[in-house]
2 protein chains.
Amino acid sequence: MATLCLPYQLSPEQTEKLDTIIQRHRPLQKRDVLIHNGEPLKFLYAVRSGSLKSYTLDSQGSEQIIDFHLPGDVIGFDGLIDGNHRSYTQALETTMLCEIPIQSLDQLSAELPGLRKQMLRLMSGELHASKTLLGTLNHHSAQQRLANFLVTLSSRFQQRGLSSRSFRLSMTRADIGNYLGLSVETVSRILTQLQQEGVLAVQNKLVEITEPERLRALAA
Amino acid sequence: MATLCLPYQLSPEQTEKLDTIIQRHRPLQKRDVLIHNGEPLKFLYAVRSGSLKSYTLDSQGSEQIIDFHLPGDVIGFDGLIDGNHRSYTQALETTMLCEIPIQSLDQLSAELPGLRKQMLRLMSGELHASKTLLGTLNHHSAQQRLANFLVTLSSRFQQRGLSSRSFRLSMTRADIGNYLGLSVETVSRILTQLQQEGVLAVQNKLVEITEPERLRALAA
DNA sequence: ACGAATCGTTGATTTAAGTCAAAGTGACTT
DNA sequence: AAGTCACTTTGACTTAAATCAACGATTCGT
């Protein structure tokens with residue numbers, strides 16, 4: 001169970017201990033909301049399959065997507081600041097999760113330095129990704145942003161043992177635009193443009209990156 | 001020493017233990033670079049006085065500012081992912097720091113749950129700030145971004161016991177623009193515009209927020 | 001299996017912010 | 001104290017991407 005949920009370099013003994021605190025969560029259906037803004041943080045969630053988006057609502061009640069979660073990701077770190085979740089998290093498709101009780105995790109991490117390090121590494125990685133994205137969005141054109149988004153997705157899929165060349169976008173064009181600070185129309189236009197240039201082939205949700213090198217060059 | 005560097009809710013006993021591992025760092029002059037991208041991460045740094053900026057360099061060698069650090073901030077969390085710093089960090093003015101050896105901190109945090117929690121809280125807070133900023137930048141106009149920047153700065157100063165109404169911008173307009181994804185000219189124009197509207201008064205690096213309420217409203 | 005609703009594409013037009021250019025201001029150096 | 005350099009402001013013009021609008025294509029729910 002622990003290996004499925006937190007597939008990281010831990011010793012068998014450590015894995016066994018982790019197993020005792022991790023629970024399987026009921027599966028989520030598309031559009032189910034896992035986490036509501038402001039809720040007390042009791043668990044972290046590890047994604048086993050499927051995908052989710054995290055978002056906040058601004059003063060006018062409109063969504064601001066701040067993250068997409070894929071299998072292997074851990075959800076909830078940003079709530080550790082005061083023990084409350086700081087965003088909504090919603091399933092983009094049928095999704096399986098593990099839940100990890102914060103309190104047990106904290107206790108366990110006192111005796112397992114490897115686990116402690118792993119948690120720090122996960123948070124640090126998220127922090128780094130988030131700051132990198134900031135730089136990306138601030139200084140790049142719509143095409144560069146989208147290229148970067150696709151390259152990042154692609155490498156995340158690869159890290160998880162899936163194909164980096166062809167995959168399914170579980171989020172809508174509107175979600176992508178929202179996340180990248182672009183309008184739906186712009187996202188759509190750029191996708192067709194990239195397709196015309198032969199960099200990739202899109203068919204609805206399915207993307208095949210035909211020339212990864214060129215896409216990576218565009219993302220720079 | 002520890003109270004100066006990490007002024008958080010720790011017991012006297014905990015503070016004493018922290019004291020044994022924290023060192024004073026030599027003062028930095030304006031433009032001194034504290035951290036180079038790729039360097040192994042040996043210490044975290046806590047800002048005692050002064051300020052710094054963190055940035056990455058893109059493929060064309062141009063700066064992408066990802067953070068400003070004020071007194072009380074801890075620098076270096078994003079490097080925990082693999083033990084290497086992921087950015088450059090440079091002093092914006094004469095700056096005093098404490099250095100905290102990572103390894104001792106990790107050992108100490110095994111026996112002090114409060115310290116562990118504090119570290120998680122700091123990282124989580126940074127993560128949250130970074131994600132919030134992402135949302136802000138993606139979905140707001142130049143004026144809203146700048147207003148938001150000033151409001152955030154203002155409240156950070158307040159948290160540190162300084163005036164929230166008038167303060168000095170240790171970074172240049174170019175730095176602000178870079179951070180917010182705006183051109184220098186736009187930053188300048190919006191500052192004069194806000195001044196004309198009576199929301200604030202700017203004189204060179206000095207800012208006085210005359211109508212905090214209106215500024216906050218603009219930041220929304 | 002059907003209609004409704006959501007999602008995606010494409011075209012025409014508008015606009016916010018970037019770029020280019022130049023002058024003004026302040027601040028460090030010798 | 002003068003000159004240089006870096007920073008800031010202001011104006012004119014351009015442009016990338018948003019908005020508005022309309023129409024296909026999928027997906028969803030009954």
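Below, chain A is the first sequence line, B the second, and so on; all start at residue 1. The shown structure was predicted, so the numbers you read here are calculated from the model rather than taken from an experiment.
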Here the salt bridge (Lys or Arg N to Asp or Glu O under 4.0 Å) pairs for residues 184-195 of chain B, sequence neighbours left out, are none
Compute whether any side-chain donor of one residue and acceptor of the other, for A:Ser54 and A:Thr89, lie under 3.5 angstrom apart. yes
Which donor-acceptor pairs under 3.5 Å do side chains of residues 39-47 of chain B form with protein atoms, sequence neighbours excluded?
from    : atom 1 : to      : atom 2 : distance (Å)
B:Glu39 : OE1    : B:His36 : N      : 3.3

inquiry  = Taking 4.0 Å as the cut-off, does a side-chain nitrogen or oxygen of A:Lys205 come that near to OP1 or OP2 on C:dC7?
reply    = no
Treating B:His139 as the side-chain partner and B:Gly135 as the backbone partner, does any N or O pair qualify as donor plus acceptor under 3.5 Å? no
Lys/Arg N to Asp/Glu carboxylate O, B:Lys131 vs A:Asp78, below 4.0 Å: no
Per-nt protein contacts along nucleotides 23-30 of chain C (heavy atom under 4.0 Å; B base, S backbone sugar-phosphate only, - none) come out as ---SS---
Sorted by chain and number, sequence neighbours left out, side chain to side chain donor-acceptor pair (under 3.5 Å) with A:Ser154 holds for none
Chain A reaches DNA chain D, atoms under 4.0 Å from its heavy atoms, from D:dA17 to D:dC28
Applied to residues 138-152 of chain A, the salt bridge (Lys or Arg N to Asp or Glu O under 4.0 Å) test, sequence neighbours excluded, yields none
Hits for side-chain contact (heavy atoms from CB on, under 4.5 Å) against B:Ser124, two or more places apart or cross-chain, chain-then-number order -> A:Leu80, A:Ile81, A:Met123
Residue set satisfying ring-ring contact (aromatic ring centres under 6.0 Å, His included) with A:Tyr55, at least two apart, ordered chain then number -> A:Tyr88
Using only atom types and a distance under 3.5 Å, with no angle test, would you say the side chain of B:Asn178 pairs donor to acceptor with the backbone of B:Ile65? yes
Q. Is a donor on one side and an acceptor on the other found under 3.5 Å between the side chain of B:Thr152 and the backbone of B:Asn148?
A. yes
Axis-to-axis angle for the helix from C:dA1-D:dT30 to C:dT30-D:dA1, ends of five pairs each, to 10°, equals 60°
So, with a heavy-atom separation below 4.0 Å from DNA chain C, the residues of residues 139-151 of chain B are B:Ser141, B:Ala142
Separation of C:dC7 atom C1' from A:Arg168 atom CZ, nearest Å, is 13 Å
Residue pairs meeting salt bridge (Lys or Arg N to Asp or Glu O under 4.0 Å), one or both in residues 90-100 of chain B, sequence neighbours left out, come to B:Glu93-B:Arg168
The single option from B:Leu70, B:Leu153, B:Leu162 that satisfies side-chain contact (heavy atoms from CB on, under 4.5 Å) with B:Phe167 is B:Leu153
**Prompt:** Is a side-chain donor or acceptor of A:Gln158 paired with a backbone partner of A:Ser164 at a separation under 3.5 angstrom?
**Reply:** no
Ordered by number, residues from residues 178-195 of chain B within less than 4.0 Å of DNA chain C (heavy atoms) are B:Gly181, B:Leu182, B:Ser183, B:Glu185, B:Thr186, B:Arg189
Quick one: does any side-chain atom of B:Arg24 pair with a main-chain N or O of B:Leu97 as donor and acceptor, under 3.5 Å?
no
